[in-house]
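Reviewing the structure listed below.
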Amino acid sequence: MIIDAHIHLWNKIKGRLGGEEVCPVKDGIIRVCKKEVQGMPTWFTNCRNPAELVIAAQEDAGVDKAVVTQEYLDGNQNKYLLQVIQKYPDRFFVHGLLDFTHPGNLKQEFNEVVTMGFKGIKCPAMSLPFLEKPVRLDQPELQFVWEQMYEREMVLSIDLAEGSIQVPEMERVLKRLPGLKVAVGHFGMAGRKDWMHQVRLAKYKNVYIECGGIIWLFRREGPPFHTAQLKIKQAVKAVGADKIMWGSDYPRTMVDFTYRQSLDFARYGCDFFSLEERNLFLGGNAARLYGFSYSARKKKPGTLITEF
């Protein structure tokens, strides 16, 4: 079973980045303040990213299930993702989004998300140290959320600021709540200064590292992404193959590469993996963390073209 541990879905983008409004334009282009950028593939003509599109891509590539995360860039998608949970209950594990930039509202927001039925929470933490009033991961308002998640056995998906700036805070949280289920995103921003400090958080029980977007970090190389493979090997040596998960960061990475390329570098590259380790990387670890049960994927029938 292959599980993509990091994808995004949204109905309509209405987010923010660095305090600036993010809104859709057309053909995968989004506007941040007055600047237009390619935020998703061009064939997302209406800039919407529904579950049905990624299911089609995954059926083609051979991916069985996926973990849906969120970002402030896209805006809060809780209402739409609740529909996704209801429509595809066995296909996706979905994280709810809270506004950690305003800690005073967290208790109410958390209770709402739990009532909606989410089993995971996303914390895009990378901006928190740089706010006008910085937010710490171990301050009381956030600690309330982590404690409640621990008691409910929920999963925390967290993207940390580059380097080690938030690692001591995260370690204090983990020491207080040993066994809190955590997925550290974007492979700790592999290759950036002190990125291994984030990876080593996986030495704590139930902490995993997912590599959503790792090929984007090394996009100038292109396939087979040799440096990305070396970074994965380095992480395996440090924390073990049973603590890392493959993820695509769909559809953002698909601006530069196809979904199949994102998977194939992990499925056919990384020759330092044993067969068992590769299976853990491609799905076994995610199944354990997120509680996916095995179900056989129906293979799409092949088509024989006899006339041109």
* Asked: Do Y268 and I214 share a hydrophobic cluster (ILVMFWY, side-chain heavy atoms under 4.5 Å, transitive)?
  -> no
* Answer with yes or no whether the hydrophobic clustering places L17 together with V25; edges join I, L, V, M, F, W, Y residues whose side-chain heavy atoms lie under 4.5 Å apart. => no
List the atom of [X], the atom of [Y], and the distance in Å for their closest heavy-atom pair.
| X | Y | answer |
| --- | --- | --- |
| A241 | E277 | CB-CG, 3.6 Å |
| V199 | A235 | CG1-CB, 3.8 Å |
| V255 | P41 | CG2-N, 3.9 Å |
| E210 | H6 | OE2-ND1, 2.7 Å |
| P50 | Y80 | CA-OH, 3.2 Å |
| G120 | M154 | N-CE, 3.9 Å |

Is the number of heavy atoms from other residues, nucleotides or ligands under 6.0 Å of [X] [atom1] greater than 12?
| X | atom1 | answer |
| --- | --- | --- |
| Q108 | CD | no |
| E153 | CD | no |
| R152 | CZ | yes |

Exam field: side chain [X] to backbone [Y], donor-acceptor pair closer than 3.5 Å:
| X | Y | answer |
| --- | --- | --- |
| E109 | L98 | no |
| K122 | G96 | no |
| R267 | D264 | no |
| T258 | Q261 | yes |
| T253 | S248 | yes |
| Q166 | A125 | yes |
| D64 | I2 | yes |
| D249 | G212 | no |
| R136 | L142 | no |
| K181 | K205 | no |

* Structure fact -> Contacts of H197 meeting ring pair (Phe, Tyr, Trp, His ring centres under 6.0 Å) (sequence neighbours excluded), chain-then-number -> none
* Take I13 and M40, measure what side-chain contact (heavy atoms from CB on, under 4.5 Å) needs, and give me the verdict at the end. => CA-CA 11 Å; I13 286 182; M40 64 204 85; 3.5 Å; yes
Any Lys/Arg nitrogen of [X] or [Y] sitting under 4.0 Å from an Asp/Glu carboxylate oxygen of the other?
| X | Y | answer |
| --- | --- | --- |
| R31 | E36 | yes |
| D74 | K12 | no |
| E21 | K14 | no |
| E59 | R91 | yes |
| D4 | K65 | no |
| K87 | E52 | yes |
| D99 | R16 | yes |

Roughly how far apart are [X] [atom1] and [Y] [atom2], rounded to 0.5 Å?
| X | Y | atom1 | atom2 | answer |
| --- | --- | --- | --- | --- |
| C123 | L156 | SG | CG | 6.5 Å |
| N49 | M254 | CG | CE | 11.0 Å |
| E221 | F265 | CD | CZ | 11.0 Å |
| M189 | L160 | CE | CG | 11.0 Å |

* **Cation-pi, W195 ring and R192 (6.0 angstrom, 45 degrees)** =>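 Not flagged: R192 not positioned over aromatic ring of W195.
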* To do: Tell me, please, whether F187 has K231 positioned over its six-membered ring: NZ or CZ under 6.0 Å from the ring centre and within 45 degrees of its axis?
  =>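 No cation-pi geometry.
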* To do: Using only heavy-atom distances, determine whether the side chains of N11 and Q83 contain a donor-acceptor pair under 3.5 Å.
  =>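 Absent: no donor and acceptor within the cut-off.
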* To do: Please say which of R176, Q143, R172 ends up in a side-chain hydrogen bond (donor to acceptor under 3.5 Å, both in side chains) with D138.
  =>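 Passing option: R172.
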* **Stepwise ring pair (Phe, Tyr, Trp, His ring centres under 6.0 Å) check, H95 with F93** => CA-CA 7 Å; H95 291 89; F93 182 100; 5.2 Å; yes
* Structure fact -> Exactly one candidate in F110, Y72, W146 meets ring-ring contact (aromatic ring centres under 6.0 Å, His included) with F100; the answer is W146
* Is the W10 ring parallel, tilted or perpendicular to the H8 ring (thresholds 30°, 60°)? ->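 Geometry flag for H8 against W10: tilted rings.
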* Asked: Would you call the rings of Y250 and Y259 parallel, tilted or perpendicular if under 30° counts as parallel and over 60° as perpendicular?
  ->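 Answer is perpendicular, since the angle exceeds 60°.
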* Taking the six-membered ring for Trp and the single ring otherwise, decide whether the centroids of F225 and F257 are under 6.0 Å apart. =>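 Close enough - the centres of the two rings lie under 6.0 Å apart.
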* Ring-ring centroid check W246 Y208, cutoff 6.0 Å ->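 Distance test on ring centres: not under 6.0 Å, no.
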